Amino acid sequence: MSTRGFSGRRPSAAAAQRIPPGQHETTDFPVLSAGPTPRIDLAKWSFTLRVGPKPVKRWTWAEFNAMPMTAMTRDIHCVTTWSKLDTRWEGVLIDDLLAAAELVPPTGFALAHTVEGYSTNVPVDDLIDGRAMIALRYDGVPLTDDHGGPARLLVPHLYFWKSAKWVNGLQFTTRDEAGFWELRGYHMRGDPWREQRYAND
Amino acid sequence: MTEGSALRTVGWQPAIIVVIETLTPAVTRVVLRPQRWQTFLPGQHIDVKLTAPDGYSARRSYSLTSAPESVGTFEIAIERLDDGEVSPYFHDIAEVGDAIEISGPHAEHFVWRAEQNASLLMLAGGSGVAPFMSMVRHRAFVAHNAPVTLLYSARSWESVIYREELIAQESRLSDFCCVFTLTRDMARRPQDFSRRVDAAMIASLITVDSLPSQSLVCGSNAFVRTTSDLLLDIGIPASSILTERYGGG
C-alpha cells in the first residue's frame, strides 16, 4: 500500500546492502534503556557463568580483563529502527569465556543477566563461533555507562536489545526462556534481516 | 517479573487519518481509525509505516496519547524533526482521509496499570509527555485515588504539548497535580518553575516519608539521564523507576 505524497529518503547504494528492511542509518549513537543507568562499583563487579542455577565460573573485573581480547567491527541494528554501520568493539568472545571455564555449551539456549535485573534470551548458536562477545570497549575507549559499561553483551547480528547492557552473567537454560523484553511483547530471536521485532513477526 | 504478554498484538493494517491538528509550532496531533482497533495499556506505542510508490518504506514508533477508553481510534503526537524522514510527512503532506499503515499497540514495559493504585510520579521532557497524556486521560475514567504528579519540562509556554487539556484535567481530577517547568521562558502559574529540572524541584513535589510507588521518566536521553539520576539521589529505588528515551529516530 503506497502512501500518498511520501517519497522517503533512500540510503546510498553501498549502505542499502547493509541496512535491513524497515531500518534507517544513523551516525550518532542513541541510548535506550528500561530504567535508570545503574551505578556500578568495579571493585564489586563480577561475571558469572551458570548452567541452570549452578555457577560454574566467576571472574572479578581484574580477572575478566586478563582474558584474551578480540576486536570486532560490525553493523548494529536497533528495533526502534536505527542502524549504525562499522561500530568498533573490543572484548572477550563467548568462545573464550567457555574455553576458560572448560565448558562445552550444555544446552541450546542461554539467558544474559544484568546488574539491574534485566535479562535477554539468546540461542547458543548466536553466541558461539566468534559471533558474540562481552564488550568492554567501544571505539577505542572503555564503554561508557550509558552504553552499557563496564561490560555489555554484543550480539551484533541480532536486534540490539539482545546486546544487554551492564551484563554480569550468562546462564545456560534447558528451554528458550523469555527475557525482559521478550516477556513484554518482543521477539524471541530478533533477526533484523527477517524483521523479527515483535512476538508475532 | 509476573506480567506476561497479555495482549495479542495486531500486525500491519491500514488506518485512516480522521483528525490532523497543530498542537504547538512543532507538534501535530494525528487521530487514526484503524481497520481493527484493540485495547491497550497507557504507555504503549504503535508503529507507523509510510510506503513510497516504488515499495520503499520507512517506519517509526509513536507512543499513543489517547486513552484506551477512546474506543476505535489511536491518537499520536508527532514532533517535526528538521532532518526527519517520517515526521515532515505528517506536518506537510498528510490530510484527513489519507491512509497509512500501522501495527500494534506494542511493548508492555513503560506502561501504567491503574488497578495497582500506586502513587505515580511522571517526569516528561518535551515530546516525552506523549505516553503520560494517555495515562492522564485514562485516569479520568478509572477509580484511582493515589496521587499522580506530572512534572513536565518544556522550552516555553507555547511549546507545552496538550497544555490546555492538562490544565483542565488538573482542575477536574482530585489528586492529579501538573507542574510545568519552562527552561527558556517565565513561569505562568504559581506552581510552575522556569529552570531545568533539579533535585530541589523534585523534592518539592514529593514527601520523603511517602516516596512515589512508581516513577516514570520519558524524554530525550539527556533529560532521562539527568532526571533519573536525581531520583536515585533522592533515594527512590532504581527498581521503581521506568524510563523511555526518545531520539535517534
Side-chain angles (χ1 to χ4, degrees), chain A residues 1-11 16 19 21-40 78-84 115-119 144-147 160-161 166 177-188 195 197-201, chain B residues 1 3-5 7-12 14 44 47 49-61 84-86 89 92-95 98-101 103-111 215 217 221 224-225 227-229 231-232 236 238-249:
Chain A
M1 186 183 106
S2 83
T3 313
R4 184 188 64 82
F6 177 73
S7 51
R9 183 191 303 152
R10 315 305 152 93
I19 307 283
Q23 298 289 113
H24 62 283
E25 185 178 357
T26 183
T27 50
D28 58 4
F29 197 166
V31 171
L32 297 162
S33 73
T37 300
R39 296 164 177 188
I40 298 172
C78 177
V79 71
T80 64
T81 73
W82 58 263
S83 290
K84 186 170 172 64
V115 296
E116 77 320 355
Y118 176 97
S119 60
T144 60
D145 56 0
D146 268 354
H147 287 301
F160 214 49
W161 88 80
W166 311 303
E177 292 183 28
F180 182 92
W181 288 113
E182 295 81 6
L183 279 171
R184 289 161 180 77
Y186 286 83
H187 196 273
M188 289 293 272
E195 279 213 86
R197 299 174 193 271
Y198 303 110
N200 301 331
D201 289 345
Chain B
M1 307 298 161
E3 69 227 72
S5 205
L7 303 170
R8 195 179 57 84
T9 57
V10 175
W12 292 110
Q44 287 196 283
D47 283 1
K49 181 158 73 175
L50 307 180
T51 304
D54 66 353
Y56 168 83
S57 70
R59 56 189 284 174
R60 297 292 185 276
S61 300
E85 181 181 19
V86 170
Y89 163 82
D92 302 336
I93 297 168
E95 292 172 2
D98 279 337
I100 61 170
E101 283 179 279
S103 78
H106 294 299
E108 292 165 44
H109 166 61
F110 194 83
V111 295
S215 301
V217 188
N221 177 49
V224 171
R225 177 68 203 251
T227 50
S228 59
D229 279 350
L231 295 177
L232 294 176
I236 294 179
S239 58
S240 73
I241 304 170
L242 302 182
T243 62
E244 182 142 290
R245 304 175 196 234
Y246 284 5

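Here the structure is a predicted model, which means the values were calculated and not measured. Because only heavy atoms are used, hydrogens play no part in the values below, and waters and symmetry mates are left out as well, while side chains stay in. Protein chains get the first letters and strands the later ones, always in sequence-line order, with residue 1 at the start of each.
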Region of B/Y89 in contact with chain A, defined by heavy-atom distances below 4.5 Å: side chain
In terms of heavy-atom pairs under 4.5 Å, which option from A/G8, A/S33, A/P21 contacts chain B the most? A/S33
Main chain of B/W12, side chain of B/E101: is a donor-acceptor contact present, judged purely on distance under 3.5 Å? no
When you measure from the side chain of A/W161 to the backbone N and O of A/E182, does any donor-acceptor pair fall under 3.5 Å? no
Distance (rounded to the nearest 0.5 Å) between B/Y56 OH and B/L50 CG: 10.0 Å
Given heavy-atom pairs under 4.5 angstrom as the criterion, report whether the side chain, backbone, both or neither of A/S7 touches chain B. backbone
Under 4.5 Å, counting heavy-atom pairs only, tell me which of B/I100, B/I93, B/T243 racks up the most with chain A. B/T243
Per-residue contact mode, B/D92 against chain A (heavy atom under 4.5 angstrom): neither
Is A/T144 close to A/F29 at the side-chain level, that is, under 4.5 Å between some pair of heavy atoms? no
Is the side chain of A/D201 donor-acceptor paired with the backbone N or O of A/R197 at a distance under 3.5 Å, no angle test? yes
Interchain contact, A/E195 with chain B, by part (heavy-atom threshold 4.5 Å): side chain
Under 4.5 Å heavy-atom distance to chain B, tell me which part of A/D146 shows up: side chain, backbone, both or neither. both
Please look at B/R59 and chain A and tell me whether the side chain, the backbone, both or neither of the residue comes under 4.5 angstrom of a heavy atom of that chain. both
A/Y186 versus chain B, heavy atoms under 4.5 Å apart: side chain, backbone, both or neither? side chain
Main-chain N/O of B/A107 paired to A/Y198 side chain as donor or acceptor, under 3.5 Å: no
Examine A/R184 relative to A/F180 and say whether NZ or CZ is less than 6.0 Å from the centre of the six-membered ring and inside a 45° cone about the ring axis. yes
